[in-house]
Number of protein chains: 2
Amino acid sequence: MEQNYLDVKAKFIRGFSDKTRLQILECIKNEEKTVSQIVEELQGNQSNISQHLACLKGCGIIVGRQEGKYIYYSLRNEKIREMLELFDEVLNQVQTEIAQCDSHLY
Amino acid sequence: MEQNYLDVKAKFIRGFSDKTRLQILECIKNEEKTVSQIVEELQGNQSNISQHLACLKGCGIIVGRQEGKYIYYSLRNEKIREMLELFDEVLNQVQTEIAQCDSHLY
DNA sequence: TAATCATATTAGTGAATACTGATATGAAAT
DNA sequence: ATTTCATATCAGTATTCACTAATATGATTA
């Protein structure tokens with residue numbers, strides 16, 4: 001396993017590891033949206049959202065398509081959607097396991 | 001989508017988003033290992049590795065099992081292994097797409 | 001019981017990252 | 001051509017995070 005590959009992989013995954021970015025991804029999960037739509041839906045700061053979009057784009061997680069003065073962002077591909085779903089699945093399973101484990105303490 | 005859930009989800013994913021932690025996960029992917037085995041294989045600092053193990057454990061990604069003075073760490077379950085594999089799969093696909101896209105510039 | 005070994009925790013530091021407000025770019029409308 | 005609108009970028013600050021060295025805990029061995 002190359003040292004460098006793990007750096008790239010870590011950076012890629014870090015794209016998903018922030019609340020605001022997860023909100024953005026949820027927001028555009030099913031349909032492309034413009035920056036202003038996203039800003040409004042998340043009640044966020046334009047600059048902040050824009051920077052997170054740049055991050056997600058840089059990680060290869062989303063793509064942007066310009067149409068006039070608007071830029072529409074969407075998930076890069078189906079695999080990304082699968083990832084998002086697997087996150088939920090795995091997290092739920094883990095939380096269930098932990099909950100069961102906790103209950104043994106009583 | 002609850003605000004709080006996204007925080008938990010982000011924290012969970014952040015567990016995977018560091019090179020050292022990815023190295024640890026690779027290291028114990030196929031068999032449980034003790035802390036000292038991991039430290040040696042990664043040529044790492046004991047304190048540092050220990051803190052990363054605590055992080056991974058706190059995220060619910062790995063579990064530890066004590067046997068005498070040793071603690072054996074392993075992936076929590078099969079789903080986690082699946083996640084690791086999906087990361088590679090998706091990242092490779094993204095990189096391929098980006099490479100193809102770049103080639104259009106010439 | 002004392003010494004040793006494996007692991008965890010703490011404190012301190014530096015680097016990376018998220019956020020905000022202000023400004024810049026570039027496209028569309030007037 | 002000027003103004004307006006959508007988005008990006010920049011500069012500064014605060015927070016989070018990874019790392020190291022030192023110390024603590026807790027189990028085993030002598």
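Keep in mind the model is a prediction, meaning the values are calculated, not measured. Lettering follows sequence order; numbering is per chain, from 1.
What separates NZ of A/K33 from P of D/dT7 is a distance of 13 Å, to the nearest Å. Atom P of nucleotide D/dT28 and atom CD of B/Q66 are separated by 8 Å, given to the nearest angstrom. Taking atom CD on A/Q23 and atom C1' on C/dC19, their separation rounds to 14 Å, with Å as the unit. In this structure, CG of A/D18 is placed 16 Å from P of D/dT15, rounded to the nearest angstrom. Counting to the nearest Å, the C1' atom of D/dT20 and the NE2 atom of B/H52 are 12 Å from each other. The distance between atom CG of A/N45 and atom P of D/dA14, rounded to the nearest whole Å, is 17 Å. In this entry the distance linking CZ of B/R65 with P of C/dA6 reads 17 Å, nearest Å. Here the P atom of nucleotide C/dA18 and the CG atom of B/D7 are 13 Å apart, to the nearest Å.
For the helix from C/dT1-D/dA30 to C/dT30-D/dA1, the end axes, each set by the C1' atoms of five terminal pairs, are bent relative to each other by 20° (nearest 10°).
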Polar atoms only, N or O, under 3.5 Å: list the protein pairs with nucleotides 7-11 of chain C and their distances.
{"residue": "C/dT7", "atom": "OP1", "partner": "B/V35", "partner atom": "N", "Å": "3.3"}
{"residue": "C/dT7", "atom": "OP1", "partner": "B/I71", "partner atom": "N", "Å": "3.2"}
{"residue": "C/dT7", "atom": "OP2", "partner": "B/S36", "partner atom": "N", "Å": "2.6"}
{"residue": "C/dT7", "atom": "OP2", "partner": "B/S36", "partner atom": "OG", "Å": "2.4"}
{"residue": "C/dA8", "atom": "OP1", "partner": "B/Y73", "partner atom": "OH", "Å": "2.6"}
{"residue": "C/dA8", "atom": "OP2", "partner": "B/S50", "partner atom": "OG", "Å": "3.0"}
{"residue": "C/dA8", "atom": "N7", "partner": "B/Q46", "partner atom": "NE2", "Å": "2.9"}
{"residue": "C/dA8", "atom": "N6", "partner": "B/Q46", "partner atom": "OE1", "Å": "3.1"}
{"residue": "C/dT9", "atom": "O4", "partner": "B/S47", "partner atom": "OG", "Å": "2.9"}
{"residue": "C/dT10", "atom": "O4", "partner": "B/Q51", "partner atom": "NE2", "Å": "3.4"}

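For D/dT16, neither phosphate oxygen OP1 nor OP2 lies less than 4.0 angstrom from any side-chain nitrogen or oxygen of B/R14.
A salt bridge does not link A/E97 with B/K79: none of the charged nitrogens is closer than 4.0 Å to a carboxylate oxygen.
Between B/I71 and B/T34 the shortest side-chain heavy-atom distance does not fall below 4.5 Å. For the pair B/K9/A/E26, a side-chain contact is recorded, criterion being any heavy-atom separation below 4.5 Å from C-beta on. In this structure the side chain of A/L6 never reaches within 4.5 angstrom of the side chain of A/K11, judged on heavy atoms. Within the 4.5 Å cutoff, no side-chain heavy atoms of B/D88 are placed close to those of B/L91.
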N/O donor-acceptor pairs under 3.5 Å from side chains in residues 55-65 of chain B, not counting sequence neighbours:
{"residue": "B/R65", "atom": "NE", "partner": "B/E32", "partner atom": "OE1", "Å": "3.1"}
{"residue": "B/R65", "atom": "NH1", "partner": "B/E67", "partner atom": "OE1", "Å": "2.7"}
{"residue": "B/R65", "atom": "NH2", "partner": "B/E32", "partner atom": "OE2", "Å": "2.5"}
{"residue": "B/R65", "atom": "NH2", "partner": "B/E67", "partner atom": "OE1", "Å": "3.1"}

Please step through side-chain contact (heavy atoms from CB on, under 4.5 Å) for the pair B/I13 and A/L22, ending with a clear verdict. CA-CA 10 Å; B/I13 298 171; A/L22 287 176; 4.1 Å; yes

Would you sort out whether A/K33 and A/E41 count as a side-chain contact (heavy atoms from CB on, under 4.5 Å), showing the intermediate values? CA-CA 10 Å; A/K33 301 238 174 88; A/E41 287 192 31; 3.3 Å; yes

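Residues A/F12 and B/F87 place their aromatic rings such that the two centres sit no closer than 6.0 Å.
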